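All values below come from the heavy atoms of this structure, side chains included, with hydrogens, waters and symmetry mates left out. As the structure is a prediction and not an experimental result, all values here were calculated from the model. Note that ligands are numbered from 1 as they come in the structure, with each ligand's atoms numbered from 1 the same way.
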Amino acid sequence: MIASALALSLVGLAAASPITERQVTPHYPATEVSKGFHLVVNVTDPSRDFEPSIQNSYIASIHTGAGLALVGNVPSTQNARVFYQNGTSEEKRTGRSNVITDSGTPPFPSGLKLTKDKGSDVSTADLNAGSGSPGVGLAAFPSPYSYLYPETWLACNESLPYYQGQHFIIFKQIPQASADKAPAECVPVRLLPECTELNDLPDGSYSSHEWAIEDRCYKDVKSIKWSEYGP
Ligand SMILES: *[C@@H]1O[C@H](CO)[C@@H](O)[C@H](O)[C@H]1NC(C)=O
Ligand SMILES: *[C@@H]1O[C@H](CO)[C@@H](O)[C@H](O)[C@H]1NC(C)=O
Ligand SMILES: *[C@@H]1O[C@H](CO)[C@@H](O)[C@H](O)[C@H]1NC(C)=O
(Lines give C-alpha, C1' and ligand atoms only; values in the text may rest on other atoms or scores of the structure.)
(Ligands and ions follow the chains in the order given, each with its own letter.)
Protein backbone atom coordinates (compact mmCIF):
# COMPACT_ATOMS: atom_id res chain seq x y z
CA MET A 1 0.00 0.00 0.00
CA ILE A 2 2.68 2.46 1.04
CA ALA A 3 4.99 1.19 -1.71
CA SER A 4 2.41 1.75 -4.45
CA ALA A 5 1.56 5.22 -3.18
CA LEU A 6 5.27 6.00 -3.30
CA ALA A 7 5.56 4.52 -6.80
CA LEU A 8 2.61 6.60 -7.93
CA SER A 9 4.02 9.80 -6.54
CA LEU A 10 7.38 9.05 -8.18
CA VAL A 11 5.64 8.67 -11.54
CA GLY A 12 3.96 11.99 -10.89
CA LEU A 13 7.32 13.62 -10.07
CA ALA A 14 9.03 12.18 -13.14
CA ALA A 15 6.27 13.51 -15.37
CA ALA A 16 6.28 16.94 -13.75
CA SER A 17 10.01 17.56 -13.45
CA PRO A 18 11.04 18.30 -17.08
CA ILE A 19 8.51 21.13 -17.25
CA THR A 20 9.48 22.60 -13.86
CA GLU A 21 13.17 22.35 -14.75
CA ARG A 22 12.69 24.21 -18.00
CA GLN A 23 10.84 26.98 -16.15
CA VAL A 24 13.39 27.26 -13.35
CA THR A 25 16.65 27.07 -15.34
CA PRO A 26 16.41 28.74 -18.75
CA HIS A 27 19.53 28.43 -20.88
CA TYR A 28 19.86 32.18 -21.29
CA PRO A 29 19.29 35.08 -18.92
CA ALA A 30 15.77 36.51 -19.08
CA THR A 31 15.16 39.73 -20.95
CA GLU A 32 12.50 42.42 -20.69
CA VAL A 33 11.64 45.08 -23.25
CA SER A 34 12.20 48.81 -23.14
CA LYS A 35 12.98 51.71 -25.46
CA GLY A 36 15.64 53.18 -23.16
CA PHE A 37 18.71 51.31 -21.95
CA HIS A 38 22.05 51.78 -20.24
CA LEU A 39 25.03 49.94 -21.73
CA VAL A 40 26.90 47.69 -19.29
CA VAL A 41 30.51 46.61 -19.88
CA ASN A 42 31.04 42.83 -19.84
CA VAL A 43 34.69 41.74 -19.94
CA THR A 44 34.36 38.46 -21.82
CA ASP A 45 37.84 37.28 -20.75
CA PRO A 46 38.00 38.23 -17.04
CA SER A 47 41.77 37.49 -16.95
CA ARG A 48 42.27 40.60 -19.15
CA ASP A 49 40.23 42.98 -16.99
CA PHE A 50 41.78 46.30 -15.92
CA GLU A 51 42.76 47.14 -12.35
CA PRO A 52 40.44 48.57 -11.00
CA SER A 53 37.98 46.26 -12.77
CA ILE A 54 35.65 47.66 -15.44
CA GLN A 55 33.29 44.64 -15.24
CA ASN A 56 29.64 45.79 -14.93
CA SER A 57 30.57 49.47 -15.27
CA TYR A 58 28.30 51.70 -17.35
CA ILE A 59 28.94 53.55 -20.60
CA ALA A 60 29.16 57.31 -20.20
CA SER A 61 30.48 60.15 -22.33
CA ILE A 62 33.77 61.99 -21.91
CA HIS A 63 33.42 65.66 -22.85
CA THR A 64 36.11 66.69 -25.34
CA GLY A 65 34.74 70.03 -26.59
CA ALA A 66 31.47 71.76 -27.57
CA GLY A 67 29.16 68.97 -28.82
CA LEU A 68 32.11 66.57 -28.82
CA ALA A 69 32.49 63.50 -26.63
CA LEU A 70 34.31 60.19 -26.56
CA VAL A 71 32.82 57.02 -25.08
CA GLY A 72 33.97 56.23 -21.54
CA ASN A 73 32.66 54.43 -18.46
CA VAL A 74 31.47 55.15 -14.91
CA PRO A 75 30.97 52.75 -11.97
CA SER A 76 27.19 53.12 -11.55
CA THR A 77 24.02 54.34 -13.29
CA GLN A 78 24.65 57.81 -11.87
CA ASN A 79 26.06 59.77 -14.86
CA ALA A 80 25.58 56.73 -17.12
CA ARG A 81 24.11 57.55 -20.52
CA VAL A 82 20.55 56.58 -21.45
CA PHE A 83 20.53 55.22 -25.01
CA TYR A 84 17.83 54.32 -27.50
CA GLN A 85 17.80 52.68 -30.92
CA ASN A 86 16.39 55.00 -33.55
CA GLY A 87 14.84 54.13 -36.88
CA THR A 88 11.91 52.66 -38.77
CA SER A 89 11.16 48.94 -38.34
CA GLU A 90 12.55 48.45 -41.86
CA GLU A 91 15.81 50.20 -40.88
CA LYS A 92 16.05 48.04 -37.75
CA ARG A 93 15.33 44.83 -39.66
CA THR A 94 18.02 45.60 -42.26
CA GLY A 95 20.60 46.69 -39.67
CA ARG A 96 20.61 50.39 -40.63
CA SER A 97 19.15 51.91 -37.45
CA ASN A 98 21.36 54.02 -35.16
CA VAL A 99 21.91 54.39 -31.41
CA ILE A 100 21.38 57.77 -29.77
CA THR A 101 21.71 59.44 -26.38
CA ASP A 102 20.27 62.89 -25.70
CA SER A 103 22.57 65.67 -24.47
CA GLY A 104 22.17 69.26 -23.30
CA THR A 105 19.36 71.69 -22.57
CA PRO A 106 17.24 71.68 -24.66
CA PRO A 107 18.12 68.05 -25.50
CA PHE A 108 19.81 67.31 -28.82
CA PRO A 109 20.78 63.89 -30.25
CA SER A 110 24.32 62.53 -29.90
CA GLY A 111 24.62 59.35 -31.94
CA LEU A 112 27.14 56.57 -31.36
CA LYS A 113 29.58 56.99 -34.24
CA LEU A 114 32.53 54.86 -35.35
CA THR A 115 35.44 56.54 -37.11
CA LYS A 116 38.44 54.53 -38.37
CA ASP A 117 41.76 55.35 -36.69
CA LYS A 118 44.42 56.31 -39.29
CA GLY A 119 46.06 53.28 -40.90
CA SER A 120 44.27 50.81 -38.62
CA ASP A 121 41.36 48.36 -38.52
CA VAL A 122 40.32 49.93 -35.22
CA SER A 123 37.54 52.55 -35.07
CA THR A 124 37.15 55.03 -32.23
CA ALA A 125 33.60 55.45 -30.89
CA ASP A 126 32.29 58.95 -30.23
CA LEU A 127 29.09 60.59 -29.01
CA ASN A 128 29.42 63.86 -30.88
CA ALA A 129 26.26 65.86 -31.65
CA GLY A 130 24.57 64.23 -34.64
CA SER A 131 23.02 60.98 -35.80
CA GLY A 132 25.96 58.65 -35.29
CA SER A 133 26.60 55.65 -37.55
CA PRO A 134 23.87 53.55 -39.13
CA GLY A 135 24.50 49.87 -38.38
CA VAL A 136 24.94 50.21 -34.62
CA GLY A 137 22.22 48.42 -32.67
CA LEU A 138 21.13 45.56 -30.42
CA ALA A 139 21.44 41.99 -31.67
CA ALA A 140 18.01 40.65 -32.59
CA PHE A 141 16.29 37.35 -32.00
CA PRO A 142 17.34 34.52 -32.63
CA SER A 143 20.58 35.68 -31.00
CA PRO A 144 20.16 34.21 -27.49
CA TYR A 145 21.87 37.24 -25.95
CA SER A 146 21.13 40.91 -26.47
CA TYR A 147 24.29 42.98 -27.01
CA LEU A 148 25.47 45.97 -29.01
CA TYR A 149 26.73 45.34 -32.56
CA PRO A 150 28.96 45.70 -34.57
CA GLU A 151 31.32 43.57 -32.46
CA THR A 152 34.10 43.43 -31.32
CA TRP A 153 34.07 46.37 -28.86
CA LEU A 154 37.34 47.25 -27.13
CA ALA A 155 38.03 49.07 -23.87
CA CYS A 156 41.34 50.90 -24.33
CA ASN A 157 43.53 52.72 -21.83
CA GLU A 158 44.59 55.86 -23.70
CA SER A 159 45.88 59.30 -22.87
CA LEU A 160 43.65 62.15 -24.06
CA PRO A 161 45.19 65.41 -25.34
CA TYR A 162 42.06 67.36 -24.22
CA TYR A 163 42.91 66.36 -20.61
CA GLN A 164 46.65 67.14 -20.85
CA GLY A 165 47.49 63.51 -21.55
CA GLN A 166 45.60 62.05 -18.58
CA HIS A 167 44.67 58.37 -19.14
CA PHE A 168 41.06 57.27 -19.61
CA ILE A 169 39.36 54.02 -20.59
CA ILE A 170 37.79 54.81 -23.97
CA PHE A 171 35.76 52.49 -26.19
CA LYS A 172 36.69 51.42 -29.69
CA GLN A 173 35.67 48.75 -32.15
CA ILE A 174 37.49 46.28 -34.41
CA PRO A 175 36.00 43.84 -36.94
CA GLN A 176 35.52 40.47 -35.24
CA ALA A 177 37.86 38.78 -37.76
CA SER A 178 40.77 41.05 -36.72
CA ALA A 179 40.02 41.04 -32.99
CA ASP A 180 43.27 39.18 -32.22
CA LYS A 181 45.14 42.17 -33.72
CA ALA A 182 43.67 44.60 -31.17
CA PRO A 183 46.23 47.04 -29.70
CA ALA A 184 47.93 45.94 -26.47
CA GLU A 185 46.27 48.69 -24.38
CA CYS A 186 42.81 47.35 -25.38
CA VAL A 187 40.67 44.59 -23.90
CA PRO A 188 37.74 42.96 -25.78
CA VAL A 189 34.35 43.61 -24.16
CA ARG A 190 30.67 43.10 -24.84
CA LEU A 191 28.23 45.93 -24.26
CA LEU A 192 24.95 44.69 -22.81
CA PRO A 193 21.71 46.71 -22.63
CA GLU A 194 20.17 47.17 -19.16
CA CYS A 195 16.55 48.38 -19.30
CA THR A 196 15.84 51.88 -18.15
CA GLU A 197 13.04 54.31 -18.77
CA LEU A 198 13.34 56.56 -21.83
CA ASN A 199 12.44 59.98 -20.45
CA ASP A 200 9.85 62.28 -22.04
CA LEU A 201 11.36 65.23 -23.89
CA PRO A 202 10.60 68.84 -22.90
CA ASP A 203 9.05 71.23 -25.43
CA GLY A 204 11.66 72.77 -27.70
CA SER A 205 13.85 69.65 -27.80
CA TYR A 206 16.00 69.00 -30.87
CA SER A 207 15.81 65.27 -30.10
CA SER A 208 12.75 63.16 -30.93
CA HIS A 209 11.67 59.82 -29.51
CA GLU A 210 9.18 59.20 -32.31
CA TRP A 211 11.42 56.53 -33.87
CA ALA A 212 12.75 55.01 -30.63
CA ILE A 213 12.65 51.22 -30.98
CA GLU A 214 11.40 48.93 -28.21
CA ASP A 215 13.79 45.98 -27.84
CA ARG A 216 15.18 43.35 -25.46
CA CYS A 217 17.30 44.37 -22.48
CA TYR A 218 18.34 42.91 -19.13
CA LYS A 219 16.81 44.03 -15.87
CA ASP A 220 20.07 43.95 -13.86
CA VAL A 221 23.22 42.83 -15.68
CA LYS A 222 25.47 42.59 -12.59
CA SER A 223 23.12 40.01 -11.03
CA ILE A 224 23.44 37.62 -14.00
CA LYS A 225 25.43 34.50 -13.07
CA TRP A 226 27.07 33.77 -16.43
CA SER A 227 28.29 30.31 -15.39
CA GLU A 228 24.65 29.13 -15.25
CA TYR A 229 24.12 29.85 -18.93
CA GLY A 230 25.53 28.40 -22.07
CA PRO A 231 26.90 27.48 -24.43
C1 LIG B 1 30.02 38.16 -20.01
O2 LIG B 1 31.30 37.87 -19.54
C3 LIG B 1 31.40 36.60 -18.89
C4 LIG B 1 32.81 36.49 -18.34
O5 LIG B 1 33.09 37.60 -17.53
C6 LIG B 1 31.11 35.51 -19.91
O7 LIG B 1 31.13 34.26 -19.27
C8 LIG B 1 29.73 35.74 -20.52
O9 LIG B 1 29.51 34.81 -21.55
C10 LIG B 1 29.63 37.15 -21.09
N11 LIG B 1 28.26 37.39 -21.53
C12 LIG B 1 27.94 37.57 -22.82
C13 LIG B 1 26.50 37.80 -23.12
O14 LIG B 1 28.76 37.56 -23.72
C1 LIG C 1 15.72 58.66 -36.41
O2 LIG C 1 15.11 57.83 -37.38
C3 LIG C 1 14.21 58.51 -38.24
C4 LIG C 1 13.56 57.46 -39.15
O5 LIG C 1 14.51 56.92 -40.01
C6 LIG C 1 14.97 59.57 -39.03
O7 LIG C 1 14.06 60.30 -39.83
C8 LIG C 1 15.67 60.52 -38.04
O9 LIG C 1 16.48 61.45 -38.75
C10 LIG C 1 16.54 59.75 -37.09
N11 LIG C 1 17.08 60.64 -36.05
C12 LIG C 1 18.38 60.78 -35.85
C13 LIG C 1 18.79 61.79 -34.85
O14 LIG C 1 19.22 60.09 -36.43
C1 LIG D 1 46.54 53.20 -17.98
O2 LIG D 1 47.88 53.40 -18.39
C3 LIG D 1 48.61 54.30 -17.54
C4 LIG D 1 49.96 54.54 -18.18
O5 LIG D 1 50.58 53.35 -18.52
C6 LIG D 1 48.69 53.71 -16.15
O7 LIG D 1 49.36 54.60 -15.28
C8 LIG D 1 47.28 53.45 -15.60
O9 LIG D 1 47.34 52.78 -14.37
C10 LIG D 1 46.50 52.59 -16.60
N11 LIG D 1 45.09 52.50 -16.14
C12 LIG D 1 44.45 51.34 -15.99
C13 LIG D 1 43.03 51.41 -15.52
O14 LIG D 1 44.98 50.27 -16.19
Side-chain angles (χ1 to χ4, degrees), residues 26-31 35 39-57 62 67 72-75 83-104 107-113 127-139 143-149 151-160 163-171 176 179 183-194 198 201 205-213 216-218 220-231:
H27 285 284
Y28 298 101
T31 51
K35 287 180 177 172
L39 284 169
V40 182
V41 177
N42 194 49
V43 184
T44 39
D45 178 356
S47 72
R48 298 184 62 184
D49 200 353
F50 288 99
E51 174 60 47
S53 171
I54 59 166
Q55 181 74 333
N56 297 324
S57 62
I62 303 172
N73 69 323
V74 289
F83 293 96
Y84 54 98
Q85 296 180 95
N86 178 78
T88 61
S89 52
E90 171 70 5
E91 286 167 334
K92 170 65 183 164
R93 199 177 54 74
T94 54
R96 286 180 292 125
S97 54
N98 48 350
V99 164
I100 290 175
T101 182
D102 299 325
S103 313
F108 60 87
S110 296
L112 189 46
K113 192 171 84 209
L127 287 168
N128 297 347
S131 278
S133 303
V136 178
L138 297 178
S143 164
Y145 294 111
S146 178
Y147 54 81
L148 192 73
Y149 64 75
E151 294 204 295
T152 299
W153 296 97
L154 301 170
C156 305
N157 180 12
E158 291 197 4
S159 81
L160 300 185
Y163 292 95
Q164 293 77 44
Q166 195 187 324
H167 279 77
F168 284 81
I169 304 289
I170 63 169
F171 289 79
Q176 221 156 11
E185 69 277 13
C186 299
V187 165
V189 294
R190 260 198 163 156
L191 299 177
L192 305 179
E194 186 170 281
L198 184 61
L201 290 168
S205 296
Y206 298 107
S207 299
S208 161
H209 292 168
E210 186 184 346
W211 300 101
I213 297 166
R216 296 184 298 175
C217 47
Y218 300 103
D220 180 15
V221 170
K222 67 180 170 314
S223 73
I224 299 172
K225 294 181 180 66
W226 293 110
S227 57
E228 289 175 10
Y229 301 100

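If you check the side chains of S146 and T31, you find no donor sitting under 3.5 Å from an acceptor. Checking N98 against Q85 by side-chain atom types alone, no donor-acceptor pair falls below 3.5 Å.
The nearest heavy-atom contact from the protein to atom 1 (C) of ligand 2 is N86 ND2, 1.6 Å. Among all protein heavy atoms, the one lying closest to atom 3 (C) of ligand 1 is N42 ND2, 3.7 Å. Nearest non-hydrogen protein atom to atom 5 (O) of ligand 1 is V43 O, 2.9 Å. The nearest heavy-atom contact from the protein to atom 9 (O) of ligand 1 is W226 CE3, 4.3 Å. Counting only heavy atoms of the protein, atom 10 (C) of ligand 3 lies nearest to N157 ND2, 2.5 Å. Distance from atom 12 (C) of ligand 2 to its nearest protein heavy atom, with residue and atom name: S131 OG, 3.3 Å.
Set against the non-hydrogen atoms of I100, the atoms of ligand 2 under 4.0 Å away are 12 (C), 13 (C), 14 (O). Residue F50 has at least one heavy-atom neighbour below 4.0 Å for each of these atoms of ligand 3: 14 (O). Annotation for ligand 1: atoms under 4.0 Å from non-hydrogen atoms of Q55 are 5 (O). Counting atoms of ligand 2 from 1 in the listed order, those under 4.0 Å from a heavy atom of E91 are 4 (C), 5 (O). Taking a cut-off of under 4.0 Å to the non-hydrogen atoms of R190, the atoms of ligand 1 that pass are 12 (C), 13 (C), 14 (O). Near G87, the atoms of ligand 2 lying under 4.0 angstrom from a non-hydrogen atom of the residue are 2 (O).
Side chain of N56 to backbone of V40: no donor-acceptor contact under 3.5 angstrom is found. Remark: side-chain polar atoms of R190 are not paired, donor with acceptor, to backbone N or O of E151 under 3.5 angstrom. Although no hydrogens or angles enter the test, the distance criterion places a donor-acceptor pair under 3.5 Å between the side chain of Q55 and the main chain of V43.
Note on ligand 2: G111 sits outside its first shell, no heavy atom being nearer than 4.0 Å. Distances shorter than 4.0 angstrom do not occur between any heavy atom of Y147 and any atom of ligand 1.
Below 30°, between 30° and 60°, or above 60°: for Y163 and F168 the angle between ring planes is between 30° and 60°, a tilted geometry.
The line from CZ of F108 to OG of S208 is 15.5 Å long, rounded to the nearest 0.5 Å. Residue L127 holds its CG atom at 5.0 Å from CZ of F83, rounded to the nearest 0.5 Å.
Taking every heavy atom of both residues into account, P193 and R216 meet most closely at CG-O, 3.8 Å.
Counting heavy atoms under 4.0 Å from ligand 2, residue E210 does not touch it at all. Only the backbone of E51 comes within 4.0 Å of ligand 3, counting heavy atoms alone; no side-chain atom from C-beta on gets that close.
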Practice task
Evaluate the criterion side-chain contact (heavy atoms from CB on, under 4.5 Å) for residue pair Y147 and N42; output intermediate values, then yes/no.
Solution key: CA-CA 10 Å; Y147 54 81; N42 194 49; over 6 Å; no

Exercise for the section: Take H209 and D102 through the test side-chain contact (heavy atoms from CB on, under 4.5 Å) and record every step on the way to the result. Expected result: CA-CA 10 Å; H209 292 168; D102 299 325; 2.7 Å; yes

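Considering backbone and side-chain atoms alike, W211 places every N or O at 3.5 Å or more from each N or O of ligand 2.
There is no protein heavy atom less than 4.0 angstrom from atom 7 (O) of ligand 3.
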